[in-house]
Amino acid sequence: MEQLWIDIAAVLAAAAPLVIAAMGETLSERAGVINLSLDGTMLLAAMTGFAVALTTQNLILGFAAAALVGALVAAVLGVFSLTLGQSQTAVGFVLALLCTDLSSFLGAPFVRLPGPAVPFMPIPGLADLPILGPILFRHDPVIYASFLLVPATAYLLYSTRLGLIVRALGERPAAVYARGIDVTRWRYAMLILGGALVGIAGAAFSLDLKQGWSYRHTLGSGWIVLAIVIFGGWRPLRVALGCYLFAALEIVATRSQSALPGIPTQMIQVAPFVFMILVLALVNLASSPTVARWIATLPSVWQRPLLVIVYRLRATAPAALGQPFERP
Amino acid sequence: MKRVAVLTQPLLALVAAFVLTTLVLLSTGVSPLEAYRLVIFGAFSTPVRLSDMIMLAAPLLLCAVGLSITFAGGLYNLGVEGQMIVGAIAAMVPLRLWPDWPPLLLWLIAALSGAAGGALWALMIGILRRYAGVSEIFAGLGMNFLAGGLALYMVLGPWRRQSSASLSGTDLLPRELWLPTIDRLRLAPAAPVIALLALVIVWWTLTQTRWGLEVRAVGLNPAASERLGIATARRMAETFAACGALAGIAGMLQVVAVHHALIPNISSGIGLLGLLVALLARANPRWLLPITVAFAAFTVGSIQLPLTLGIDSAIAGVLQGALVLFALATRIRQ
């Protein structure tokens, strides 16, 4: 039984960078801006964070530099898409490739060097609790931060005036504008805040989860985070759940290698990505009117449970996601 | 005014991209001039490098041309990398099944099979979008990972080397099945010819046929096109299939003309680079060929950087990305 709690703790720890990045992306997408550069941003921030922490021997500076890189890339995306009116998809995609190559080029001197890492920090007292102790309180500060970030994001979005503005930015920017609020400025703010979180997520890879730096260090996590945000229906708690689900799948995939020796390792590593596509399709199907009509034709015994499942799965994107805002 | 803008904007983008890349180079302490000399002219320094450049430009042009079709239809096909991989796998099937058949016939079958594989893989993205509402961007990316897994499976599983399975690829194809290659140059002239042919055919189709007109109409305004009686969803699916078919042929060329085997990294990022080329050329399809050649030259030229200057070759990618980024910035707001 003890092993189970340790496994759960391992999943929570492995998901930390995903959770941090996914909360950042949720914030900017809720404000109507899709930051497709995520994968490149995470790599560049992971490299910078590691390089800074190594040269200054200061972890805080490393994380700060990573956050700054994330914020800067987001700001560039903002200038090109929000100010110059270019497609968010195109600019984000180009930035993703550009930052990936930048991280390879600038990070070359740091490949496979030993460097500082976030120290393990069990919380005195709480760490000894049965069950909860091993699951929640025997981690390092980055992982604790990822736990706190989820309710914090949910609180910001649903319980504050700022959250109301952010959600309106993504749904009805014209209404926000009519209330005398500067749409572009607030979209910038959320995009940059989200970018800073994505940067911190990058550093969480290089300074904590996968300590060090190497070529393509984050293994496509940025792309997965983009999919998880959709899976989570742009709702922080469900997005976090998606991150934990994905991390659990990855761990199961690695473990099952020994159980299924006939299947090459690399095949198992793609399995979570495939699962993600299937889940995305399912989530989207649940939101389609075709499925609603199909359920209506079924015997009534089946209707209720199916409707509940569909309701739970449903996810609708912010109405103005990716749309440029023109002042009326 | 507009005529001036047509000239000054690309120039501005070019200058901005070089300023950014120079700053990056300066930060590593190498001489930017020396690095640029290698990146820009390195590919033209010896006949072998020149032919390497041409052999990279051929699949790159095929992908970029294909992507220009989906761009005309207003869609992003980020799955082009996966379509290339599946094209390569599909092309391997007849090559492995009937190695004794006349090579010319076999190449034709392999090209058709590769094109079909790429097109089907692309259509799956279309199906996911049409029937499951998955954005083509995420479906495309996901299918890339899936295709990569499939290639790995073939290399390590059913098609593994007889001696020992390894990540380095399948057994080499028999020599007769390699596309005719000029000795000591690694140049298979058929590859660039096929790519140029594709460029001409696609250009003609997009500008001169009713199908091309409809595709462009869908790209400009899908809702209006639907009302005008254009089968919008059908046209979108067709653009995806066409792009996938061209990427599939690019994958087939990687097999019969470059690697002569299936390797896990058969697409080598050519599809993603093709996206950059297509994005940069979007305003003017006449630039597809020159940009393809320039990007292929940068990539081949940069390969010498680690040996001669001790810096990472990814600087070519930085230059290419910066060019596209600033070109997007200076383009007139749509």
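Within every chain, numbering begins at 1; the chains are lettered A, B, ... in the order of the sequence lines, protein sequences first and strands thereafter.
- For B/Gly271 against B/Val80, the heavy-atom pair with the smallest separation is O-CG1, 3.4 Å.
- The aromatic rings of A/Phe80 and B/Phe326 lie tilted to each other, with the angle between the two planes from 30° to 60°.
- With a 4.5 angstrom heavy-atom cutoff, A/Thr100 does not touch chain B via any of its atoms.
- Only the side chain of A/Leu106 comes within less than 4.5 Å of a heavy atom of chain B; its backbone N, CA, C and O stay farther away.
- Neither side chain, A/Asp101 nor B/Gln320, offers a donor N or O lying under 3.5 Å from an acceptor on the other.
- In this structure, chain B has a heavy atom under 4.5 Å from the side chain of A/Leu36, while its backbone stays farther away.
- Put simply, of B/Leu325, B/Leu128, B/Leu146, the one with the most heavy-atom pairs under 4.5 Å next to chain A is B/Leu325.
- Nearest heavy-atom pair across A/Ala74 and A/Ile192 is CB-CA, 4.0 Å.
- When each of A/Ala90, A/Gly220, A/Ala227 is checked for heavy-atom pairs under 4.5 Å with chain B, A/Ala90 comes out on top.
- For the options B/Val324, B/Leu275, B/Ile315, heavy-atom pairs under 4.5 Å to chain A are most numerous at B/Ile315.
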Might you work through the side-chain contact (heavy atoms from CB on, under 4.5 Å) test for B/Leu279 and B/Arg282, ending with a clear yes or no? CA-CA 5 Å; B/Leu279 271 173; B/Arg282 181 143 59 140; 3.7 Å; yes
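- Counted by atom type alone, B/Glu34 and B/Thr308 present zero donor-acceptor pairs between their side chains at under 3.5 Å.
- Interface remark: B/Tyr76 contributes side-chain atoms only to the contact with chain A (heavy atom separation under 4.5 Å).
- Proximity to chain B is limited to the side chain of A/Leu97, based on heavy atoms less than 4.5 angstrom apart.
- Looking at B/Ile137, the atoms closer than 4.5 Å to chain A (heavy atoms on both sides) all sit in the side chain, from C-beta outward.
- With a 4.5 angstrom heavy-atom cutoff, B/Leu78 touches chain A only via side-chain atoms.
- Here the closest heavy-atom approach between residue B/Met154 and residue B/Ile89 is recorded as CG-CG2, 4.1 Å.
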